[in-house]
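Here's the structure we're looking at; comments come further down.
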Amino acid sequence: MTPLEDVQRLVLAACTPLEAVEVAAADAVGCTLAVEVVAGEAVPPWPNTAMDGIAVRAADTPGRLRVVGYLPAGVDPAGVSVGPGEAVRIMTGAPMPAGADAVVPVEDLAPFPAGGAGLADADGPGDLPVAGAPGRAELATAGAAAGPEEVQALIGVEPGQHVRPAGGDAAIGTVVLAAGAEVTPAVVGVLASLGQATCTVVRRARVGVLSTGDELVEGGGPLRAGQIRESNRPALLASVTAAGFTAVDLGIVRDEEAAIRSAIEGAAAACDAVLTTGGVSMGDADYVKVVLDQLSGGSFRWFQVAIRPAKPFAFGTVGGTPVFGLPGNPVSCLVSFEMFARPGIRRRMGFDPERLWRPLVGAVAPGGLPRRPDGKLHLVRVGVERDGSALHVRERGSQASNALTAMATADALALVPDGDGIPPGGSVSCWLLG
Ligand code: AMP
Ligand code: MG
């Protein structure tokens with residue numbers, strides 16, 4: 001048997017990154033940036049207030065100030081300025097007016113008793129009218145109509161306080177996102193904030209999925225004796241999509257050497273990775289490993305991996321395309337996808353070596369995870385519960401390699417090393433499944 005890490009290393013070495021393409025930012029989620037992102041403009045573009053309140057000269061605070069204007073977000077501040085002893089009412093996101101260098105938040109203001117429009121009704125600190133007060137148009141002209149309002153800044157503020165400086169999020173010319181970073185929803189937001197509609201990413205991998213087996217039946221019709229319903233290909237297609245790859249359904253192929261050869265040849269030519277299921281054990285009709293050996297030249301390897309489940313695994317490249325010969329047992333098939341195919345295809349999509357894997361977390365097994373020594377690492381399907389700041393794991397149902405329902409309710413794969421297992425209350429490392 002070959003240790004898991006040795007097989008993974010060999011697989012990853014054959015999974016070379018795909019080429020870079022420019023795509024719309026919204027279509028890039030789940031890809032990695034092939035080129036760093038440099039800010040072509042400042043974000044924010046001009047200094048603005050982080051709080052609702054009044055824009056002031058910090059040196060005038062605390063103290064009584066005359067309100068000489070109103071700046072909601074989206075309004076051009078040209079012509080609005082703050083002189084000594086003055087304040088401009090300002091709403092979050094509005095540009096700072098000339099002369100002001102700080103903001104006193106609305107919570108730290110007291111309306112002045114004999115004030116102008118809106119202020120006289122307020123009944124204490126924090127009640128400077130925002131909602132339910134005069135509308136924008138009225139406020140903007142309130143000073144002129146009712147004479148200047150007065151307001152009391154209850155606290156002193158420092159220059160720059162509650163002000164977001166221009167370029168504070170992204171200064172012009174700086175690298176805001178490094179090459180290799182994953183495009184997440186937040187990255188899409190950053191690109192939009194910079195006015196960049198596209199980005200250059202490593203191409204999203206097209207992953208072909210085919211299953212093999214004369215016993216397999218698709219859909220919900222009646223089963224004849226000897227037939228079973230095909231579950232691996234739907235589960236793998238879903239796994240491929242969930243991983244952020246593009247799934248290509250290549251159907252069921254009969255257990256015939258010629259049919260399997262032409263299917264794998266065609267798939268390798270059309271896709272960036274191919275997943276097959278079934279036909280890699282030691283049975284008479286296990287043609288996938290025979291055909292893969294023929295097609296992949298010297299790169300073909302057939303492993304008995306020292307893990308349970310998912311021991312048999314065939315791998316090779318056909319015309320440079322990695323072909324993953326996953327086992328037919330449904331749990332083994334999905335666990336092999338997790339151990340070999342998902343990290344390998346992520347590598348093709350440009351993820352850094354340390355970003356290929358599912359999150360690995362430490363957990364406690366209150367009931368233990370017993371096992372017998374057999375020379376293999378056991379990947380135990382467990383449920384995960386949070387207990388305060390600790391994670392507790394418990395075995396989920398049958399651990400047989402065909403018990404798909406136990407896999408379906410598992411949150412993680414617990415890594416139980418060879419030996420007698422994890423004693424009750426012992427610690428165990430787990431790969432969290434998504
Ligand atoms: P094999 O590796 O082809 O010998 O298959 C091992 C076991 O997995 C057998 O019991 C198969 O019937 C079952 N199996 C193989 N392929 C599938 C599939 N696509 N869906 C569900 N079960 C499968
Ligand atoms: Mg088979």
Side-chain angles (χ1 to χ4, degrees), residues 1-2 7 11 207-243 247-264 266-267 271 273-296 300-316 323-342 376 379 381 397-410:
M1 289 190 295
T2 315
V7 182
V11 165
V207 182
V209 179
L210 65 89
S211 56
T212 65
D214 287 340
E215 74 279 32
L216 304 177
V217 174
E218 246 180 312
L223 290 176
R224 277 192 280 107
Q227 293 185 322
I228 61 161
R229 298 198 197 281
E230 133 97 311
S231 60
N232 290 354
R233 187 167 48 98
L236 283 176
L237 288 167
S239 300
V240 164
T241 304
V248 181
D249 186 356
L250 301 172
I252 301 175
V253 183
R254 294 296 147 203
D255 283 323
E256 289 164 19
E257 193 173 320
I260 291 176
R261 185 183 304 110
S262 77
I264 292 181
C271 300
V274 178
L275 310 181
T276 70
T277 140
V280 294
S281 338
M282 298 199 228
D284 296 342
D286 287 336
Y287 295 120
V288 169
K289 66 178 203 287
V290 175
V291 164
L292 202 48
D293 191 10
Q294 295 163 359
L295 294 179
S296 61
F300 173 75
R301 297 291 297 274
W302 181 61
F303 298 101
Q304 296 289 343
V305 190
I307 56 174
R308 179 193 160 114
K311 187 160 67 103
F313 172 61
F315 182 78
V323 180
F324 298 81
L326 310 180
N329 275 312
V331 178
S332 302
C333 174
L334 289 182
V335 169
S336 303
F337 174 83
E338 290 296 330
M339 295 300 112
F340 308 115
R342 189 177 179 279
K376 297 178 206 158
L379 303 164
R381 279 73 76 203
S398 164
Q399 295 293 316
S401 62
N402 63 339
L404 196 50
T405 48
M407 177 79 184
T409 58

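Start at 1 and go down the list; that is how both ligands and their atoms are numbered. Please read all numbers here as calculations on a predicted model, not as lab measurements.
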Checklist line | Element-labelled atoms of ligand 1 that are located less than 4.0 Å from some non-hydrogen atom of Asn232 | finding: 16 (N), 17 (C), 18 (C), 19 (N), 20 (N), 21 (C), 23 (C)

Next item on the list: For residues Arg342 and Ala243, report the shortest heavy-atom separation together with the two atoms involved.
Entry: NE-CB, 4.2 Å

Note to self: Tell me the protein heavy atom at minimum distance from atom 11 (C) of ligand 1, and give that distance in Å.
What the structure shows: Glu215 OE2, 3.1 Å

Notebook entry, point to check: Counting heavy atoms only, which part of Ile228 comes closer than 4.0 Å to ligand 1: side chain, backbone, both or neither?
Noted result: side chain

Notebook entry, point to check: Hey, are Glu218 and Arg233 close enough for a salt bridge, meaning a charged N less than 4.0 Å from a carboxylate O?
Noted result: yes

Checklist line | Protein heavy atom at shortest distance from atom 1 (P) of ligand 1 | finding: Gly279 N, 3.8 Å

Margin query: Quick test of your reading of the structure: of Asp255, Asn329, Leu210, Val288, whose heavy atom lies closest to atom 7 (C) of ligand 1?
Written below: Asn329

Item checked: ligand 1 versus Leu216: contacting region, heavy-atom distance under 4.0 Å -> side chain

Check: Which side-chain hydrogen bond (donor to acceptor under 3.5 Å, both in side chains) pairs, counting each pair once, include a residue from residues 280-290, with sequence neighbours left out?
Finding: none

Item checked: Protein contact of atom 5 (O) of ligand 1 - nearest heavy atom, named by residue and atom, plus distance -> Gly328 CA, 3.7 Å

Item checked: Ser281: numbered ligand 1 atoms lying under 4.0 Å from its heavy atoms -> 2 (O), 4 (O)

Check: When the aromatic ring centroids of Phe340 and Phe313 are compared, is their separation below 6.0 Å?
Finding: yes

Notebook entry, point to check: Is Ser231 touching ligand 1 with its side chain, its backbone, both, or neither, if touching means heavy atoms under 4.0 Å apart?
Noted result: both

Check: N/O of Glu230 under 3.5 Å from N/O of ligand 1, yes or no?
Finding: yes

Next item on the list: Looking only at non-hydrogen atoms, find the nearest pair between Leu326 and Cys333 and report the distance.
Entry: CD1-O, 3.9 Å

Check: Is any side-chain heavy atom of Leu236 closer than 4.5 Å to a side-chain heavy atom of Val209?
Finding: yes

Next item on the list: Taking all non-hydrogen atoms of both residues into account, name the closest pair between Asp255 and Ile260 and its distance.
Entry: CA-CD1, 4.3 Å

